[in-house]
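Have a look at the structure below before the remarks.
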Amino acid sequence: MVPQRCVIVEDEYLVALDVEAVLQSIGVETITIATTLAQAKETIGQDGADCVLLDVSLSDGKSYDFARQLRDQGIPFGFVSGYGDTSGFPDDLADAPLLGKPFGENEITDFVLGLVGASGATGEAAKE
């Protein structure tokens with residue numbers, strides 16, 4: 001299932017633009033780039049999301065607490081980060097999906113489709 005509304009939380013804008021281009025190529029209709037956690041929270045609060053791609057380290061902090069909020073809301077998310085593995089992550093997020101940077105077009109496509117396929121969530125369900 002291709003998600004219809006994705007949020008990319010990434011403070012390296014060129015990386016975010018690359019991911020956005022891949023998401024557009026697979027048919028994602030609405031893509032929002034948030035460069036801070038504050039922007040991401042506002043976007044999710046207003047519009048919901050089918051999936052969220054999270055960088056771990058952003059200019060306004062680590063995204064772990066936000067990831068927990070997404071998990072609690074039933075919104076599929078995955079970390080897209082330069083961290084090679086989740087060994088340094090908090091214990092409750094050690095099993096979270098992680099795509100390491102750098103990545104290719106096929107890897108990000110598979111990652112996103114895996115996030116929404118594994119969750120079974122739809123845009124409407126993710127907003128509720």
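Keep in mind that what you see is a predicted model, and the values were worked out from it rather than measured. Numbering of residues begins at 1 and proceeds along the displayed sequence.
- Rounding to the nearest 0.5 Å gives a distance of 9.0 Å between CZ of Phe77 and CZ of Arg68.
- Contact of the Val7 side chain with the Asp47 side chain is not registered, since no non-hydrogen atoms from C-beta on lie closer than 4.5 Å.
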Can you check side-chain contact (heavy atoms from CB on, under 4.5 Å) on Thr36 and Asp11, steps first, answer last? CA-CA 7 Å; Thr36 66; Asp11 57 1; over 6 Å; no
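- Put simply, CG on Leu99 and CG on Leu54 are 12.5 Å apart, with the number rounded to the nearest 0.5 Å.
- Atom CG of residue Leu17 and atom CD of residue Glu12 lie 11.5 Å apart, to the nearest 0.5 angstrom.
- For the pair Cys6 and Glu20, the minimum side-chain heavy-atom distance is 4.5 Å or more.
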Determine whether Val9 and Leu58 satisfy the following criterion, side-chain contact (heavy atoms from CB on, under 4.5 Å), listing intermediate values before the conclusion. CA-CA 8 Å; Val9 186; Leu58 297 153; 3.6 Å; yes
Test side-chain contact (heavy atoms from CB on, under 4.5 Å) on Ser63 and Phe79 and set out the steps. CA-CA 9 Å; Ser63 61; Phe79 291 106; 3.4 Å; yes
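- Between Ile26 and Val28 there is a side-chain heavy-atom pair separated by less than 4.5 Å.
- Summarising the geometry, atom CG belonging to Asp60 is positioned 8.5 Å from atom CD belonging to Gln39; distances are rounded to the nearest 0.5 Å.
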Verify salt bridge (Lys or Arg N to Asp or Glu O under 4.0 Å) between Glu107 and Lys101, making sure each step is shown before the conclusion. CA-CA 10 Å; Glu107 293 159 320; Lys101 295 177 188 173; over 6 Å; no
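- A donor-acceptor pair is defined here as one N or O able to donate and one able to accept, closer than 3.5 Å; no such pair exists between the side chain of Asp55 and the backbone of Ser81.
- For the atom pair Thr35 OG1 and Ile8 CD1, the distance stands at 12.0 Å (nearest 0.5 Å).
- Contact annotation: the side chain of Glu29 never approaches that of Gln24 to less than 4.5 Å [non-hydrogen atoms, C-beta and beyond].
- For the side chain to side chain contact (heavy atoms under 4.5 Å, CB included) with Val2, the lone residue among Leu113, Thr109, Val112 that qualifies is Leu113.
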Working note: Phe89 + Val56, criterion side-chain contact (heavy atoms from CB on, under 4.5 Å); need CA distance, chi angles, decisive distance, verdict. CA-CA 9 Å; Phe89 285 27; Val56 172; 3.7 Å; yes
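- More than 12 heavy atoms of other shown residues, nucleotides or ligands fall within 6.0 angstrom of atom CG in Asp72.
- Side-chain contact between Glu10 and Leu53 is absent, with no heavy atoms from C-beta onward closer than 4.5 Å.
- To the nearest 0.5 Å, atoms CD1 (Ile33) and OG1 (Thr43) are separated by 11.0 Å.
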